[in-house]
Amino acid sequence: MSYRVAPIFLIRLAGGPFECIEQLATPETCALGRELVTSQTGSDDANKAQLAHILEIELASVRAKLWKAARTVLAPYLVFAGAGARELLRHLLDFSRAPNLSHRNARAGDRERHLLLYLQRVAAKDDTFSEFGPSGWGTIGKNISGVTLAPEPGIAKRETFLERWIAHAIAAAINTDSANSNPKLAVPALEPHAVEVLLRDVENWLPSSVRDKWLSILQALVDLPLKFAATSDLQDRQSIIDQAQTSLQAIGAGPKQAGRFLYA
C-alpha cells in the first residue's frame with residue numbers, strides 16, 4: 001500500500017515550559033535522603049536534623065518559585081477553571097496578599113499542591129484552553145530531507161468561540177419558547193462556531209418580537225468571544241466569562257451537568 005504525505009502538518013504543543021516544573025526540585029534533600037536510607041546511621045538524630053535543615057532551605061526556595069510560576073504561567077489558564085480555582089486565581093492576582101513563606105500550614109500545603117498539579121498539567125500535555133492548547137502549523141518541502149523545527153515565540157493568530165454545548169442549550173431554549181412559532185433550530189454537526197450558525201438562522205426569521213428577542217440574546221453572546229480575544233487582562237476575561245454564564249442562566253441554558261473540577 002502506498003502512502004502520500006500531506007503538504008502541511010499540525011503539531012499540538014504543551015502550554016508551558018517544562019523548566020517551570022524542573023525548578024521545583026529539591027536535589028540536595030533527595031540526595032541526602034537516598035544516602036541516609038542506604039547507610040547504617042540513617043536514623044541518627046544528627047542525620048535527621050541535617051535532613052530537616054536542608055529540606056527547610058530548599059523548600060523555602062521552591063515555594064517562592066512555585067508562586068512566581070503560578071502567577072506568570074497559570075493565571076491565564078485558571079480563568080477557565082471552576083469555582084474552586086477561581087478563588088485561587090483571585091489570590092494569585094492579589095499582590096497585596098503575598099503568601100507567607102515563613103510558615104506552612106495544612107491550608108497552604110493544599111493550595112500549593114493544587115498549583116503544582118496545574119503546572120504539571122500545562123507543562124506536560126497539550127490542552128484545549130487558551131494558549132495552553134496551541135497548534136503549530138508547518139509545511140513539508142519536497143526537496144528537504146529530515147525534519148527542521150524552528151518555532152517562534154508568541155501567538156500568531158487566536159480563535160475564540162463558544163463551546164458546542166452552549167449552542168445545544170440555546171437551541172433547546174429557543175425551541176421550547178412558547179411564543180416561538182418559527183421552525184425548530186438544529187445545531188450543525190462538526191461546527192465549532194455553532195452559536196454563530198444559530199444567529200444566522202434566527203436572522204432569517206420573519207420580523208417579530210420573538211425574532212428580536214432571540215436575535216438580541218444571540219448577538220450579545222456571539223460578541224463575548226470577540227471581546228475575550230481583544231483583551232489580555234485577566235480580570236476583564238474573568239468578567240466576560242461571568243457575563244456569559246449569567247446570560248445563559250437567565251434564559252435557562254445551563255450545562256447539563258456540574259462543571260468539572262480538576263484535582264478537587
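Bear in mind the structure is a predicted one, so any value in this text is a computation, not a measurement.
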A.B. asks: How long is the span from the CG atom in Leu234 to the CG atom in Leu78, to the nearest 0.5 Å?
C.D. replies: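 Output value for this atom pair is 9.5 Å.
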A.B. asks: Tell me whether Thr231 contacts the main-chain N or O of Phe228 through its side chain, where contact means a donor paired with an acceptor under 3.5 Å.
C.D. replies: no
A.B. asks: Would you call Val202 and Asn182 a side-chain contact if the rule is heavy atoms closer than 4.5 Å?
C.D. replies: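 No - every pair of side-chain heavy atoms lies 4.5 Å or more apart.
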A.B. asks: Which pairs, with at least one residue in residues 203-232 and sequence neighbours excluded, count as a salt bridge (charged side-chain N to carboxylate O under 4.0 Å, His left out)?
C.D. replies: Asp177-Lys213
A.B. asks: I'd like to know if Ile57 and Leu55 are part of one continuous hydrophobic network [Ile/Leu/Val/Met/Phe/Trp/Tyr, side-chain heavy atoms within less than 4.5 Å].
C.D. replies: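 Each belongs to a different hydrophobic cluster.
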A.B. asks: Mind checking the OG1-CD spacing from Thr29 to Gln50? Nearest 0.5 Å is all I need.
C.D. replies: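 If we round to the nearest 0.5 Å, Thr29:OG1 and Gln50:CD are 10.0 Å apart.
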A.B. asks: Only counting residues at least two apart or in another chain, list the ones meeting side chain to side chain contact (heavy atoms under 4.5 Å, CB included) with His193.
C.D. replies: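 With sequence neighbours excluded, His193 shows a side chain to side chain contact (heavy atoms under 4.5 Å, CB included) to Glu159, Phe161, Glu191, Glu196, given in chain and number order.
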A.B. asks: Evaluate salt bridge (charged side-chain N to carboxylate O under 4.0 Å, His left out) for Arg113 paired with Asp110, printing each intermediate quantity in order.
C.D. replies: CA-CA 5 Å; Arg113 182 166 57 253; Asp110 183 66; 2.8 Å; yes
A.B. asks: Indicate yes or no for a side-chain donor-acceptor contact from Asn204 to the backbone of Arg200 under 3.5 Å, with no hydrogens or angles considered.
C.D. replies: yes
A.B. asks: Can you tell if the side chain of Leu215 reaches within under 4.5 Å of the side chain of Trp205, non-hydrogen atoms only?
C.D. replies: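 No; the side chains remain at least 4.5 Å from each other.
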A.B. asks: Heavy atoms only: give me the nearest Pro17-Ala123 pair and the separation to one decimal.
C.D. replies: O-CB, 3.9 Å
A.B. asks: Using the rule that Ile, Leu, Val, Met, Phe, Trp and Tyr join whenever any side-chain heavy atoms are under 4.5 Å apart, tell me whether Ile217 and Val197 fall into a single cluster.
C.D. replies: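 Per the 4.5 Å side-chain linkage, Ile217 and Val197 are not co-clustered.
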A.B. asks: Do Leu199 and Val195 touch side chain to side chain, with heavy atoms closer than 4.5 Å?
C.D. replies: no
A.B. asks: Is it the case that the side chain of Arg164 and the backbone of Val187 share a donor-acceptor pair, with hydrogens and angles ignored and the cut-off at 3.5 Å?
C.D. replies: no
A.B. asks: Hey, could you give me the CD/CG distance between Gln219 and Leu224, rounded to the nearest 0.5 Å?
C.D. replies: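 Those atoms lie 10.5 Å apart.
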A.B. asks: With sequence neighbours left out, what residues match Ser61 under side chain to side chain contact (heavy atoms under 4.5 Å, CB included)?
C.D. replies: Lys65
A.B. asks: Once rounded to the nearest 0.5 Å, what's the spacing between atom CG of Leu162 and atom CG of Leu221?
C.D. replies: 6.5 Å
A.B. asks: CG/Leu218 to CD1/Ile174 distance, rounded to the nearest 0.5 angstrom?
C.D. replies: 4.5 Å
A.B. asks: List the atom of Cys20, the atom of Leu119, and the distance in Å for their closest heavy-atom pair.
C.D. replies: SG-CD2, 4.1 Å
A.B. asks: Determine whether a donor-acceptor pair (N or O, by modelled atom type, separation under 3.5 Å) exists between the side chain of Thr72 and the backbone of Lys68.
C.D. replies: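 Judged by distance alone, yes, a pair lies under 3.5 Å.
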A.B. asks: Rounded to the nearest 0.5 Å, what's the gap from CG on Asn47 to CG on Leu36? Could you check?
C.D. replies: 5.0 Å
A.B. asks: State, with a plain yes or no, whether a side-chain heavy atom of Arg34 is found less than 4.5 Å away from one of Val37.
C.D. replies: no
